[in-house]
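See structure below.
Excluded from the calculations below are hydrogen atoms, water molecules and symmetry mates; all remaining heavy atoms, backbone and side chain alike, are included. In this chain, numbering begins with 1 at the start of the sequence shown. Remember, predicted model here, so these are calculated numbers, not experimental data.
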Amino acid sequence: MAGTTPQPTSRTRSWWGWGWTDAHPDDAECTAMGALLPGTLSHPLPVPRVGDLGIGSPAVEAPQSLAHLVTANPADRAAHAMGKAYRDVMRALRGRPGRIPDLVARPTDDREVADLLDWAGDRQVAVVPYGGGSSVTGGVEYRGDAHRAVLSLDLTAMGRVLEVDAEGRSARIQAGTLGPSLEDQLRPHGLTLRHFPQSFEFSTLGGWLATRAGGHYATGRTHIDDFVQAMRVVTPAGTSESWRLPASGAGPSPDRLFLGSEGSLGVITEAWVRLQERPRHKASAAVSFSDFHDALRAVRALAQSDLSPANCRLLDAGEAALSDASRDGSAVLVLGFESADEPVTARLERALDLARSHGGRRGGTAGGATETLTAPDGDAAVGAWRSAFLRMPYLRDGLARMGAVAETFETAATWDRIPGLIDAVRTEVGEAALKATGHPATVNCRLTHVYPDGAAPYFTVLAAGRAGDEIALWDDLKAVASEVLHRHRATITHHHAVGRDHRPGYDRQRPEPFALALRAAKGALDPRGILNPGVLVD
């Protein structure tokens, strides 16, 4: 059964920053935030305007047969020039967005994608696949000058749920389908993909697949990989379509080749994904810990139990204070359980007992705990964290306007390395920021996903900037962080993807025989080297 065509929203996306323009902090809020961070500007940088970028005429024109798919509108081109990382926002604020694509194309089917790739290959035009544009690692921009022109290939016109197999609880969905539209189209069937990254509102199924995104579940089914049944990918060498199967042992998986390929091997156009019934039972609570390392041990015990919490996110004291989940210096563990067919309060109570055995106490200090465990937000601390989680990217952009460094990065490592890794990142990044700016920095940590054998720490860095040199400062701090990750054998990324910003760390992490195989695949599938140049391999 096919889905309906999604209706466009009347709100306006920001071309330079996160999310909706009407949700950005105003000048007064930016100034108030900046006053809390030493070394920031006295007044916010002005909101950038497309007209100030001096965007020239495109270096190429599409042929008449493709002209209806393509635009050279300056606002469209500016909006597709970068992702939404701190360095992208700062480049826009400073009027240095980098190379802006010459054209933006919005194909509506596989044939049009293939035709655009054929034309681009003939004309030496780089093609950068683009979903929701929420990349925070430089994954949707072009760097360099090896190609005569750049085409941003926007897949969002391919945004439909094409087929739903209710019996097999799966659906065939076009890759350009944004998260909210995907869920809206599945809702009448009583089904859900239940994959909710922080970028959910502004990212697509294809983007999740191309970056191996992490989503809603803190344990168990975490990455989008876990939901994939089959994929369809258009490459310059032809179209790859894997069989829809519950499982297969037939050699290396074709889907695994394209999962995480970030548009460098082909353009993902649709996928069959596994669904589930929409949850009807939910319960959540917060647990406070006076000692962060006790909290780490509690989370490890939860991850190694059979309880499988949907949410198991540990906030250190700084992160808990930032999200208003705690005001007394405690670390806070946010727990959540959900089920489609049975109450989950008993599982939550068992989890709370386990947390108490490691020194935890029920409830954060931001308003205390409620008594209604079945309420979606359980404790006030849980609700405070959820609100701050969704608002944080907007506040980051407000701090950027004040010239501050405000950014995040994430990783994953085994449990034996986690305590030392977190301590080293806090210490070494903090020391580097102090040396570079003369002001102390805040380096917070939370665990976003946990596994029986390890966890994914997610760090927030808040530091004074260097006026006009904020990007270089952040790059230096990120380099320090990357060295710490490498030394502790922690991955360069758990779910943000490699893009261009993580490429040096990825090159050091991957085995050389695999790199040889990946280069060979790139050469075979993209012989003219037009697909997202500079991502993963050269």
Side-chain angles (χ1 to χ4, degrees), residues 13-19 24 45 47-48 78-101 128-143 152 197-204 207-208 210-214 262-263 389-411 429 433 443-444 448 458-463 465-466 469-482 485 491-506 532 534-536:
R13 284 282 302 275
S14 172
W15 73 267
W16 64 272
W18 184 262
H24 285 186
L45 294 168
V47 173
H80 287 75
M82 301 177 296
K84 302 302 181 184
Y86 167 79
R87 67 189 322 275
D88 301 328
V89 170
M90 207 70 234
R91 283 189 294 166
L93 288 169
R94 291 297 185 183
R96 302 192 296 266
R99 185 163 175 178
I100 291 173
V128 180
Y130 188 100
S134 61
S135 170
V136 292
T137 60
V140 294
E141 67 179 83
Y142 180 87
R143 296 179 189 171
S152 179
Q198 189 176 27
S199 63
F200 171 77
E201 193 174 7
F202 308 109
S203 55
T204 63
W208 302 341
T211 61
R212 299 185 65 198
E262 301 192 37
F389 179 74
L390 297 174
R391 181 66 176 155
M392 194 59 67
Y394 292 102
L395 301 182
R396 178 208 64 179
D397 292 357
L399 284 168
R401 290 187 61 200
M402 298 304 299
V405 168
E407 186 57 304
T408 63
F409 63 93
E410 39 72 63
T411 184
V429 174
V443 183
N444 295 332
T448 61
Y458 191 110
F459 296 93
T460 300
V461 180
L462 301 173
R466 291 192 305 238
D469 197 31
E470 298 91 351
I471 297 168
L473 171 60
W474 169 245
D475 286 347
D476 290 344
L477 296 180
K478 185 64 178 289
V480 171
S482 297
L485 302 187
T491 181
I492 193 63
T493 178
H494 172 264
H495 59 269
H496 279 175
V498 176
R500 291 164 179 82
D501 296 346
H502 287 156
R503 175 69 188 277
Y506 177 63
N532 218 1
V535 169
L536 298 184

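A donor-acceptor contact shorter than 3.5 Å is absent between the side chain of N444 and the backbone of T460. Under a 3.5 Å cut-off, the side chain of T491 and the backbone N or O of H494 do not form any donor-acceptor pair. In this structure a side-chain-to-backbone donor-acceptor pair under 3.5 Å is missing from N532 to P129. A donor-acceptor pair under 3.5 Å is absent between the side-chain atoms of K84 and the main chain of S135, judged by distance alone. The backbone N or O of L45 lies less than 3.5 Å from a partner atom in the side chain of R401, making a donor-acceptor pair. In this structure, E262 contributes its side chain and G139 its backbone to no donor-acceptor pair below 3.5 Å. In terms of modelled atom types and a separation under 3.5 Å, the side chain of D397 and the main chain of V89 share no donor-acceptor contact.
For P97, the side chain to side chain contact (heavy atoms under 4.5 Å, CB included) partners two or more places apart in sequence, or in a different chain, are L53, M82, I100. In this structure A479 satisfies the side chain to side chain contact (heavy atoms under 4.5 Å, CB included) test with no other residue, sequence neighbours excluded. Shown here are the salt bridge (charged side-chain N to carboxylate O under 4.0 Å, His left out) partners of R143, two or more places apart in sequence or in another chain: E141, D501. Residues that satisfy the salt bridge (charged side-chain N to carboxylate O under 4.0 Å, His left out) test with R500, not counting sequence neighbours, are absent from this structure. For H80, the ring pair (Phe, Tyr, Trp, His ring centres under 6.0 Å) test picks out Y130, with sequence neighbours left out. The ring pair (Phe, Tyr, Trp, His ring centres under 6.0 Å) search around Y506 returns none, not counting sequence neighbours.
Between H496 and Y458, the angle of the ring planes goes over 60°, which puts this pair in the perpendicular group of the 30/60° scheme.
Among V136, I471, V405, T137, the single residue meeting the side chain to side chain contact (heavy atoms under 4.5 Å, CB included) criterion with R87 is I471.
In this structure, the separation between OG on S134 and CZ on F200 is 12.0 Å, given to the nearest 0.5 Å. Note that CG of L462 is 10.5 Å distant from CD of E407, once rounded to the nearest 0.5 Å. Considering CE of M90 and CG of L399, their distance stands at 11.0 Å, rounded to 0.5 Å.
Residues D476 and R466 are in side-chain contact: their nearest non-hydrogen atoms beyond the backbone lie under 4.5 Å apart. Using a 4.5 Å heavy-atom cutoff, the side chains of S203 and W208 are in contact. Looking at heavy atoms from C-beta onward, P393 lies in side-chain contact with Q198 at the 4.5 angstrom threshold.
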Audit row: T408, Y86, side chain to side chain contact (heavy atoms under 4.5 Å, CB included) steps and yes/no | CA-CA 9 Å; T408 63; Y86 167 79; over 6 Å; no
### Query
Should M392 and W18 be marked as a side chain to side chain contact (heavy atoms under 4.5 Å, CB included) after you check the CA-CA gap, both sets of side-chain angles, and the distance that decides it?
CA-CA 10 Å; M392 194 59 67; W18 184 262; over 6 Å; no
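A salt bridge is absent between K478 and D475; no separation between the charged side-chain nitrogens and carboxylate oxygens falls under 4.0 Å.
Taking both residues in full, the closest heavy atoms of P48 and A92 are given as CB-O, 3.4 Å, listed atom of the first, atom of the second, then distance.
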